[in-house]
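Here the structure comes first, spelled out in structure tokens, and everything after it is commentary.
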Amino acid sequence: MKETIICRCEEVSLEDIVNTANTHNCSAREIKLRTRAGMGYCGGRTCRPAVNAVLEDLTGEKAGHNVPLKVQPPVRPVTLSVLGGNRNGH
Amino acid sequence: MLDVVIIGAGPAGLSAAIACRESDLDVLVIDEFPKPGGRLLGQLHQEPTGEWWNGIKETEILLNRANTLNTKIECGVSCHHIEKTETGYLVHTSQELYKTKKLLIATGAAETAAPIPGWTLPGVMSIGAAQVMTNVHRVKVGNKGIVAGVNVLSAAIARELQIAGIDLHSMALPVKNTVTKDHAHPEKVMEGLVRIAHLAPSPFLRFGSKFAQSSKVRDLATKFYPKGGFKMWGMPIHVRKAITQINGTDKVESVTMCDVTPEGDVIPGTEEIINVDFVCIAGGLYPLSELASVIGCPFRYLEELGGHVPVHNEQMETPVEGLYVAGNITGIESAKVARAQGAVAGYAIANEPERLKQAMQAVKKIREAASIQFHPQIKAGRAKIHRAYQEYV
């Protein structure tokens with residue numbers, strides 16, 4: 001049986017996330033930071049609901065009405081020059 | 001300083017822009033897709049009345065009206081951050097930094113992935129991507145495919161792929177895991193299937209759908225679901241079979257399908273290999289609300305509306321001053337509802353009370369008449385989010 005990839009940008013599998021949760025017995029946020037699930041190029045666009053579901057299942061942390069795992073800008077992949085306002089190389 | 005920036009040139013964003021331009025507001029619409037229209041562009045289906053809903057034509061109608069009113073629409077522009085200021089908003093995009101007094105977020109919905117082993121292989125795509133490639137880009141997505149995920153959206157798009165001459169083997173469930181949960185649970189999927197059965201051409205299925213309104217009968221129907229699946233438009237729909245793995249070395253070559261129990265657990269020894277060259281994953285839609293979250297708008301988690309939704313009232317106003325929302329970001333419904341909500345937001349922004357009242361009534365009427373309901377409790381969900389708004393005023 002092949003592994004189930006959860007975050008494809010960072011190639012994090014369901015097994016990686018489960019192992020991290022078991023080894024460190026930590027919060028959803030810490031698991032995310034340790035595995036980098038949802039932190040790749042797409043900014044979680046593809047896997048955010050999947051990462052949320054797995055982390056909620058493992059940690060029992062319910063996000064409730066707050067959006068889980070805080071959304072950070074930039075919410076789209078952009079170049080550093082766009083962020084720095086220096087896109088013409090000046 | 002602009003009067004209003006509208007993020008998203010879909011049915012909600014465009015109709016809002018039209019409403020604002022009628023009052024001569026200085027409006028800018030931005031969208032990251034190269035063409036305006038949003039997901040409306042991909043839609044093509046026959047309504048139960050026999051009438052065809054052609055998203056490209058509907059988009060043209062909106063665009064013609066917007067162009068007549070000299071509406072500025074910038075495509076291929078992504079908004080990656082928004083800051084609230086004393087006087088309005090700073091909208092950071094891949095092109096420019098825009099300053100605006102008011103802001104409408106009409107970013108629609110995104111698709112939920114259903115991760116199954118092998119889903120990162122080339123040839124696996126979301127059902128929505130298959131729709132866009134087929135109906136917008138006119139690219140044939142493959143020769144023979146299979147759909148993993150049985151719901152309102154996947155059934156409608158599977159039909160569109162069929163109309164485009166693409167061969168689909170069948171629709172089946174994704175294998176059960178922590179993420180796929182309800183999408184992999186035959187009894188829960190049956191509940192959803194019952195809601196779309198009236199769209200099927202088969203009188204038998206329509207007949208069956210009446211019985212299946214009762215949960216007891218539905219559970220029996222799930223238990224004794226035919227091995228060959230029920231056919232919709234000649235294509236088998238399986239709720240007692242799941243795709244457990246997608247196979248291939250460099251691209252999709254086949255899938256492994258297994259029988260499952262009424263709870264979705266794989267029955268060992270039932271594996272069957274089906275040769276396909278593409279797989280569509282259909283995990284449903286969720287409101288795309290990252291930008292509202294970045295601004296600090298309060299949210300409610302409402303399953304009826306498809307997930308986390310920014311708090312707003314019937315005028316599509318959020319508790320954050322000058323921030324409005326419309327379309328699927330406020331809950332998963334049809335493009336017709338989104339378009340009507342856009343008009344509400346537009347008239348609210350333009351402060352046109354008479355037209356606003358009419359637009360709000362139109363939303364209710366369209367919702368009543370909807371042939372496809374993404375969630376049966378949509379009205380209850382709407383009532384909850386509008387009540388939540390009261391807590392902030």
Side-chain angles (χ1 to χ4, degrees), chain A residues 1-18 21 28 31 37-38 40 42-60 62-88, chain B residues 32 77-83 92-97 107 110-121 124 126 174-175 177-182 244-248 256 281 283-302 307-311 388:
Chain A
M1 189 71 167
K2 283 194 230 174
E3 60 178 4
T4 305
I5 296 279
I6 296 295
C7 166
R8 61 181 186 183
C9 299
E10 294 287 327
E11 292 188 32
V12 186
S13 69
L14 183 55
E15 204 185 358
D16 294 331
I17 299 176
V18 172
I31 298 170
C42 82
R45 165 55 50 84
T46 308
C47 67
R48 181 175 263 271
V51 171
N52 290 346
V54 173
L55 294 183
E56 187 181 308
D57 190 63
L58 288 171
T59 63
K62 296 253 185 267
H65 290 312
N66 294 320
V67 175
L69 297 170
K70 195 162 180 257
V71 180
Q72 306 272 14
V75 301
R76 275 294 179 285
V78 286
T79 60
L80 286 170
S81 63
V82 165
L83 290 181
N86 189 20
R87 77 190 70 100
N88 302 319
Chain B
E32 64 184 351
V77 178
S78 302
C79 174
H80 58 82
H81 184 29
I82 295 169
E83 289 175 273
H92 297 260
T93 75
S94 52
Q95 302 295 325
E96 306 262 335
L97 174 67
T107 43
E111 290 188 81
T112 310
I116 47 182
W119 75 291
T120 52
L121 277 171
V124 183
S126 73
V175 68
N177 60 36
T178 15
V179 181
T180 55
K181 276 184 219 152
D182 287 1
T244 54
Q245 185 165 308
I246 302 167
N247 313 304
T256 307
I281 292 196
L285 298 169
Y286 70 96
L288 189 55
S289 54
E290 298 152 318
L291 289 170
S293 181
V294 163
I295 295 169
C297 182
F299 277 77
R300 283 292 175 277
Y301 180 80
L302 293 168
H308 283 91
V309 168
V311 171

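Fair warning: this is a prediction, and the values are worked out from it, not measured in the lab. Below, read A as the first sequence line, B as the second, and so on, with proteins coming before strands; counting in each chain starts at 1.
None of B:H80, B:E83, B:H81 except one satisfies the side-chain hydrogen bond (donor to acceptor under 3.5 Å, both in side chains) rule with B:H92; the exception is B:E83.
A heavy-atom distance below 4.5 Å is found between the side chains of A:V71 and A:R48. With contacts defined as side-chain heavy-atom distances shorter than 4.5 Å, the pair B:L121/A:K2 qualifies. When side chains are defined from C-beta on, A:V18 counts as touching A:L58, because their heavy atoms get closer than 4.5 Å. Contact of the A:T4 side chain with the B:P117 side chain is registered, since non-hydrogen atoms from C-beta on lie closer than 4.5 Å.
Interface residue B:L288: only side-chain heavy atoms are found under 4.5 Å from chain A. Of the two parts of A:V78, only the side chain, counted from C-beta on, holds a non-hydrogen atom closer than 4.5 Å to a non-hydrogen atom of chain B. Heavy-atom distances place both the backbone and the side chain of B:A113 under 4.5 Å from chain A. The contact between B:Y286 and chain A is made entirely by side chain atoms (from C-beta outward), counting heavy-atom distances below 4.5 Å.
Contact annotation for residues 6-14 of chain A against chain B (heavy-atom separation below 4.5 Å, listed by residue number): A:I6, A:R8, A:L14.
Side-chain atoms of B:T180 come within 3.5 Å of backbone N or O of B:V175 as a donor-acceptor pair. Put simply, the side chain of B:W119 gets close to the backbone of A:I5: a donor and an acceptor are under 3.5 Å apart.
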*ring-ring contact (aromatic ring centres under 6.0 Å, His included) between A:H65 and B:Y301: does it pass, once the steps are laid out?*
CA-CA 5 Å; A:H65 290 312; B:Y301 180 80; 7.5 Å; no
